[in-house]
Student: 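Structure provided below as C-alpha cells; questions to follow.
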Amino acid sequence: QVQVVESGGGSVQAGGSLRLSCAASGTTSSRYCMGWFRQAPGKAREVVARLWSDGDTTYQSSVKGRFATSKDNAKNILYLQMNSLKPEDTAMYYCAADIRLCSATSDLYLQFPDVPWGQGTQVTVSS
C-alpha cells in the first residue's frame, strides 16, 4: 500500500497562491494513480484533481483554470499549484495514491472505507 504525506498548506488572502506537495512512498511499483481531494468543515470530501495513468489530469469544474497538477516521477511527488484562491477553496486537502484511482469514479472511490489518505494539509483563504 502506498503511503502519502501532504504538505504546503497555509493561510492566504483571496487571489493568492499556494503549492501543495504529496510525497508517495512505500512501493517500488508505479502502478497507481494519484489525486487531490478536499474536505471543508461540515461538507463531504470531494475530488479536486485526478492524474490518470496516461498522464491526463481532470479537474473539478470549480478549480479549472486556477489549479494545476504536476508530478516529479523521480521523487514520486505530486504537486498541486493553486492560483487565484477563493475563500470557498478553504478546506483540508488530501492526497491519495492508489491503483483504484486509475479506474474508479470519484464518487465510488470516496466510498471505499480503506483509502490510504494522508494526514492532510490545511488551506485557509481569507476574503
Side-chain angles (χ1 to χ4, degrees):
Q1 196 175 53
V2 183
Q3 289 83 46
V4 296
V5 177
E6 305 95 334
S7 61
S11 296
V12 297
Q13 290 191 324
S17 298
L18 284 172
R19 188 177 79 156
L20 306 184
S21 300
C22 171
S25 64
T27 180
T28 56
S29 170
S30 61
R31 293 187 63 218
Y32 59 85
C33 294
M34 298 181 75
W36 283 101
F37 298 78
R38 68 186 180 186
Q39 187 166 17
K43 295 188 177 181
R45 194 165 300 191
E46 61 181 8
V47 64
V48 175
R50 291 182 62 171
L51 180 61
W52 299 91
S53 56
D54 63 359
D56 192 21
T57 304
T58 54
Y59 298 91
Q60 185 197 105
S61 58
S62 69
V63 307
K64 280 182 182 177
R66 300 188 298 120
F67 291 11
T69 62
S70 60
K71 191 166 184 281
D72 184 331
N73 289 314
K75 297 180 179 179
N76 287 334
I77 299 177
L78 178 68
Y79 299 99
L80 181 67
Q81 178 66 43
M82 306 187 296
N83 300 323
S84 302
L85 282 161
K86 303 176 180 180
E88 50 264 43
D89 295 317
T90 294
M92 185 72 80
Y93 283 70
Y94 298 91
C95 172
D98 194 330
I99 191 170
R100 295 173 295 184
L101 272 175
C102 298
S103 58
T105 65
S106 296
D107 286 346
L108 177 61
Y109 189 76
L110 286 167
Q111 293 179 37
F112 291 147
D114 59 345
V115 172
W117 300 111
Q119 82 288 350
T121 186
Q122 178 68 38
V123 172
T124 303
V125 185
S126 58
S127 58

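Just so you know, these numbers come straight off a predicted model, no measurement behind them. Numbers here are sequence positions counted from 1.
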Student: Please lay out, stage by stage, how Gln122 and Thr90 fare under the test side chain to side chain contact (heavy atoms under 4.5 Å, CB included).
Tutor: CA-CA 8 Å; Gln122 178 68 38; Thr90 294; 4.1 Å; yes

Student: In Å and rounded to the nearest 0.5 Å, what is the OG to CE distance from Ser53 to Met34?
Tutor: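 Between atom OG of Ser53 and atom CE of Met34 there are 14.0 Å.
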
Student: To the nearest 0.5 Å, how far apart are CG in Leu20 and OG in Ser7?
Tutor: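 Atom-to-atom, Leu20:CG and Ser7:OG are 8.0 Å apart.
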
Student: Checking side chain to side chain contact (heavy atoms under 4.5 Å, CB included) for the pair Thr69/Tyr59: CA distance, chi angles, key distance, verdict?
Tutor: CA-CA 9 Å; Thr69 62; Tyr59 298 91; 3.5 Å; yes

Student: Considering only heavy atoms from C-beta outward, does the side chain of Arg100 approach that of Asp114 to under 4.5 Å?
Tutor: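 Arg100 vs Asp114: side chains touch.
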
Student: Are Leu80 and Phe37 connected, step by step, through hydrophobic side chains (Ile, Leu, Val, Met, Phe, Trp, Tyr) whose heavy atoms are closer than 4.5 Å?
Tutor: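 No: no chain of side-chain contacts under 4.5 Å links Leu80 to Phe37.
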
Student: List the atom of Ala104, the atom of Phe112, and the distance in Å for their closest heavy-atom pair.
Tutor: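 Minimum heavy-atom separation between Ala104 and Phe112: CB-CE1, 4.2 Å.
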
Student: Once rounded to the nearest 0.5 Å, what's the spacing between atom CG of Leu18 and atom OG1 of Thr121?
Tutor: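 Answer for the CG-OG1 pair, Leu18 versus Thr121, is 8.5 Å.
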
Student: Could you tell me the separation between the CH2 atom of Trp52 and the CG atom of Leu101, rounded to the nearest 0.5 Å?
Tutor: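 It is 7.5 Å, given to the nearest 0.5 Å.
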
Student: Is the NZ or CZ atom of Arg19 positioned over Tyr79's six-membered ring, under 6.0 angstrom from the centre and within 45° of the axis?
Tutor: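 Yes - Arg19 lies over the ring of Tyr79, closer than 6.0 Å to its centre and within 45° of its axis.
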
Student: Which atom pair, heavy atoms only, marks the closest approach of Val123 to Gly9?
Tutor: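 Taking every non-hydrogen atom into account, CG2-CA, 4.2 Å.
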
Student: Restricting to non-hydrogen atoms, name the atom on Ser62 and the atom on Arg38 that form the minimum distance, rounded to 0.1 Å.
Tutor: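 The pair with the smallest heavy-atom distance is OG-NH2, 3.4 Å.
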
Student: How close do Glu6 and Gly120 get, counting heavy atoms only, and between which atoms?
Tutor: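 Residues Glu6 and Gly120, closest heavy atoms: OE1-N, 3.0 Å.
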
Student: Give the C-alpha distance, both sets of side-chain angles, the deciding distance and a yes or no for side chain to side chain contact (heavy atoms under 4.5 Å, CB included) between Asp89 and Arg66.
Tutor: CA-CA 11 Å; Asp89 295 317; Arg66 300 188 298 120; 2.7 Å; yes

Student: Please report the interatomic distance OH(Tyr94) to CZ(Arg45), rounded to the nearest 0.5 Å.
Tutor: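 Those atoms lie 4.5 Å apart.
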
Student: Ignoring hydrogens, what is the shortest heavy-atom contact between Ser17 and Gln81? Give both atom names and the distance.
Tutor: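 Taking every non-hydrogen atom into account, CB-NE2, 4.0 Å.
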
Student: I need the Ile99 CD1 to Gln1 CD distance, nearest 0.5 Å.
Tutor: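 That separation rounds to 12.5 Å.
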
Student: Is the ring pair Phe67/Tyr93 parallel, tilted or perpendicular, if the boundaries are 30 and 60 degrees?
Tutor: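 The arrangement is tilted - the two ring planes meet at 30° to 60°.
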
Student: So do Asp98 and Pro116 actually touch side chain to side chain, heavy atoms under 4.5 Å?
Tutor: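 Yes, at least one pair of side-chain atoms sits under 4.5 Å.
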
Student: Could you report the tightest heavy-atom contact between Gln60 and Val47, atom names first, then the distance?
Tutor: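 That would be NE2-O, 2.9 Å.
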
